[in-house]
Structure formats: C-alpha cells, structure tokens
A.B. asks: 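Take a look at the following structure, please.
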Amino acid sequence: MPFQNVSIAGLAHIDAPHTLTSKEINERLAPTLERLGIRADVLGDIAGIHARRLWDQGTLASDAATMAGRKALEDAGITADKVGLLLNTSVSRDYLEPSTASIVSGNLGIGEDCVTFDIANACLAFINGMDVAARMLERGDIDYALIVDGETSNLVYEKTLERMMAPDITAQQLRDEVAALTTGSGAAAMVLARSELVPDAPRYKGGVTRAANQWNKLCVGNLDRMVTDTRMLLIEGIKLATKTFEATRIALGWAVEEIDQFVIHQVSQPHTNAFIKAFGIDPKKVMTIFGEHGNIGPASVPIVLSKLRQLGKLKKGDRVALMGIGSGLNCTMAEVVW
C-alpha cells in the first residue's frame, strides 16, 4: 500500500554504553578454540564484527526502549498524551506477558486511549511496525504513532560463552551458536505522524514484503540461545531479497542509481557484500555499523537511519531505501523520502 499522508516526525537512537571486543571473546574462548583446532578469527576476520555493545547489568529491554522513546518524542516536539498507537518491536523482551509495549507505555505516561501492543517478526519487526502504524495514520485513525525497540544481548552472551567454554563442546555445536556472538545491544524509536501535522518532515512511502516461510528453521533463537545455519540463511535470504527487490522496483519505481542511501539491516560483512553485489549498489551509499555494534536486530535499520541524520548525510529530497531480511524467512523493502 503506498502511503500519501505519513511522515517521520521524530527519530532517535541510543548506543549501549559498554563495548565487548571480539578480541576479548577470542581470548576467553582460547582453550576451546585450541582444543578444536580452530585458528580463524570467525567474528573479526570473517564476519567483520570487531566489537559489540552491552548494557549495564540489569537493564531491561523496556528500559532501553523507554529511553529511545522519550528521546524520539522530544525530537518530534510532542507530549506522550498525543500518541495514539505505541508499538514495541524488539526481539528482546522483559517477560512473556505483559507486552513490553505496555511497560514502555507506563514508563512514558502515555494515555489510556492509546492502542498498545508488541509486534514480533525477528529482525523485520521495526519496519513492520512502521507499516502497521502507517495504515492507521493514512486512514486518519490516529495523529501520532510511537514505534520503539530495545535490544539487550547481555544474557545471550553470558549463556553462549558459558556453553562454548564447556570442555565437551564439539566443533559443530560451536558453529551452530557462533552467530549469537555477532549480536549487539542498542535502542531506537520513531514517531510517525499524519503529514499535514508535520508538512516539512520526511515522508514514509511504504514498502513491499515477501516471504519464504519454508525456511523457518534456519535461525532459531530464545533469549539465552540462538542456533543458526549461517550459510543457508545467507543463500536463501539473498534469493528472497532478489524477489522482494523486483516487486519493490515495480511498486515504488526503484532504480538503483536513483536511490541516495541504502539502509540495510546490519548483520555481517558477508551479508552486506552479498546485498551490494546482488543489486549493484554503490558501496558508498551503504553506511555500516556492524563492525563496532554487531547485529542489533530490528533496531539496526532505525539506528542507521538516525545516525545518517545525525552525521548530516541526509538532505531534503533524498530517497532512502530501508532493506531487511528476518528469520522466518521474511523480507521487507521500503522507502523514505527525506
């Protein structure tokens, strides 16, 4: 669905405060790597992830999402009582119930007439949240929507390293879980509004989603463990992305050379290189943060968009492509006109 009346009124990100380097991880895993005869630096040299961020111990997903949400509201210049829809899109969550969105809503003091719920769809959830909010804004059901995402990887690092340091772990078990050590922590939030309320704000045009759900077991994760077939995930992910790109090219009139910035979900160096090669993208149009922040899940796309703005790399009229693949497999590509 192309949107005519949806704009980005506010945007914010929060970098988690503590850095954990791949060198530190390799040092902790040295006995295991030596026993298994693994000499390659899988995290740094192959994945291209040299560091990732962690929160203070005890920081909950809702805490991170609340910080980003408050900052986005300030950026939009609106108070919490104006929000008609609050969506939390994080993979990380405080509990199975209540929804993390309800906790963030309570933290921010959002009104009782606000629709509040979580959206879960692996690394695509934030863009999915933008789409759901945009539909309500386009219909005139609400004036403002707040989409938040707080990712915390502290627990998965603690438990994964504990398993990998066990004296009986096999090389295959280590390979199955190594992708968990590429994840990162961070938070992002976005305020979407009806365009007439913010006439000079960037416009959200909408996007296209395609699925290949027969590949739903390539990456299976809980809060403390993630098992991934990285090779097949990349192969089938690019196949799905190619189909999605063709559909988006038709729906939104995309031509690669006419897009000014490509905001790609930050997974790893091989993933980014494959995206760039598959679609003939100029690497200069792709800002990467995975090298120092890791894969921050669904927060990575809005974080990169926010950092681009912060660095002054977005100018009026720029066409910005938002592109991501999520476990499942699902793929979404969307456009923002700055």
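Keep in mind that the numbers below use all heavy atoms, side chains included, and drop hydrogens, waters and symmetry copies.
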A.B. asks: Any side-chain donor paired with an acceptor under 3.5 Å for Arg52 and Thr19?
C.D. replies: no

A.B. asks: If you round to the nearest 0.5 Å, how far is CZ of Arg53 from OG1 of Thr152?
C.D. replies: 14.0 Å

A.B. asks: I'd like to check Phe290 versus Val267 (side-chain heavy atoms, cut-off strictly below 4.5 Å). Are they in contact?
C.D. replies: no

A.B. asks: Under a 4.0 Å threshold between the charged nitrogen and the carboxylate oxygen, would Lys82 count as salt-bridged to Asp143?
C.D. replies: no

A.B. asks: Would you kindly say whether Glu196 and Asn5 are connected by a side-chain donor-acceptor distance under 3.5 Å?
C.D. replies: yes

A.B. asks: Atom NE2 in His265, atom CZ in Phe275: separation rounded to 0.5 Å?
C.D. replies: 9.5 Å

A.B. asks: Does the side-chain contact (heavy atoms from CB on, under 4.5 Å) test come out yes or no for Met130 and Ile119, once each step is laid out?
C.D. replies: CA-CA 11 Å; Met130 292 174 65; Ile119 289 181; over 6 Å; no

A.B. asks: Just do the side-chain hydrogen bond (donor to acceptor under 3.5 Å, both in side chains) check on Thr209 and Thr332 with the steps written out, would you?
C.D. replies: CA-CA 4 Å; Thr209 296; Thr332 295; 2.7 Å; yes

A.B. asks: Would a 4.5 Å heavy-atom cut-off, applied to side chains only, mark Leu60 and Asp63 as touching?
C.D. replies: yes

A.B. asks: Measure the spacing between OH of Tyr204 and OG of Ser7 and express it to the nearest 0.5 Å.
C.D. replies: 12.5 Å

A.B. asks: With rounding to the nearest 0.5 Å, note down the distance linking CE in Met287 to CD1 in Ile303.
C.D. replies: 10.5 Å

A.B. asks: For Tyr144 and Arg194, test the side chains for any donor-to-acceptor distance below 3.5 angstrom and give the result as yes or no.
C.D. replies: no

A.B. asks: Where do Ser102 and Thr116 come nearest, in terms of heavy atoms and distance?
C.D. replies: N-CG2, 3.7 Å

A.B. asks: Under 3.5 Å, is there a donor-acceptor pair linking the side chains of Ser62 and Thr100?
C.D. replies: no

A.B. asks: I need the Lys23 NZ to Asp41 CG distance, nearest 0.5 Å.
C.D. replies: 11.0 Å

A.B. asks: Testing the 3.5 Å rule here: is there a donor-acceptor pair between the side chains of Asn273 and Gln269?
C.D. replies: yes

A.B. asks: Do other residues, nucleotides or ligands put more than 12 heavy atoms under 6.0 Å from the CD atom of Gln172?
C.D. replies: yes

A.B. asks: Going through the checks in order, is the side-chain contact (heavy atoms from CB on, under 4.5 Å) test met by Ile142 and Leu85?
C.D. replies: CA-CA 7 Å; Ile142 57 174; Leu85 172 69; 3.6 Å; yes

A.B. asks: What I'd like to find out is whether the side chain of Thr183 reaches to under 4.5 Å of the side chain of Ile296, using heavy atoms alone.
C.D. replies: no

A.B. asks: With the side chain counted from C-beta on, respond yes when Leu43 and Ile25 share a heavy-atom pair under 4.5 Å apart, and no when they do not.
C.D. replies: yes

A.B. asks: Does the plane of the ring in Phe245 sit parallel, tilted or perpendicular to the ring in Trp254? Use 30° and 60° as the thresholds.
C.D. replies: tilted

A.B. asks: Using distance alone, with no hydrogens and no angle criterion, decide if Ser185 and Ser153 have a side-chain donor and acceptor under 3.5 Å apart.
C.D. replies: yes

A.B. asks: Step by step, would you call Leu329 with Met232 a side-chain contact (heavy atoms from CB on, under 4.5 Å)?
C.D. replies: CA-CA 11 Å; Leu329 289 170; Met232 288 302 295; over 6 Å; no

A.B. asks: Check the side chains of Asp149 and Thr89 for a donor-acceptor pair under 3.5 angstrom, ignoring hydrogens and angles.
C.D. replies: yes

A.B. asks: Hey, could you give me the CD/CG distance between Glu27 and Leu33, rounded to the nearest 0.5 Å?
C.D. replies: 11.5 Å

A.B. asks: Could you give me the CA-CA distance, side-chain angles and deciding distance for Ser195 and Arg203, then say whether side-chain hydrogen bond (donor to acceptor under 3.5 Å, both in side chains) is met?
C.D. replies: CA-CA 7 Å; Ser195 296; Arg203 297 283 295 274; 3.2 Å; yes

A.B. asks: Show the numbers, then the answer: is there a side-chain contact (heavy atoms from CB on, under 4.5 Å) between Leu161 and Leu29?
C.D. replies: CA-CA 8 Å; Leu161 288 172; Leu29 293 179; 4.0 Å; yes

A.B. asks: Is it true that Glu151 and Ser92 share a donor-acceptor pair across their side chains at a distance under 3.5 Å?
C.D. replies: yes

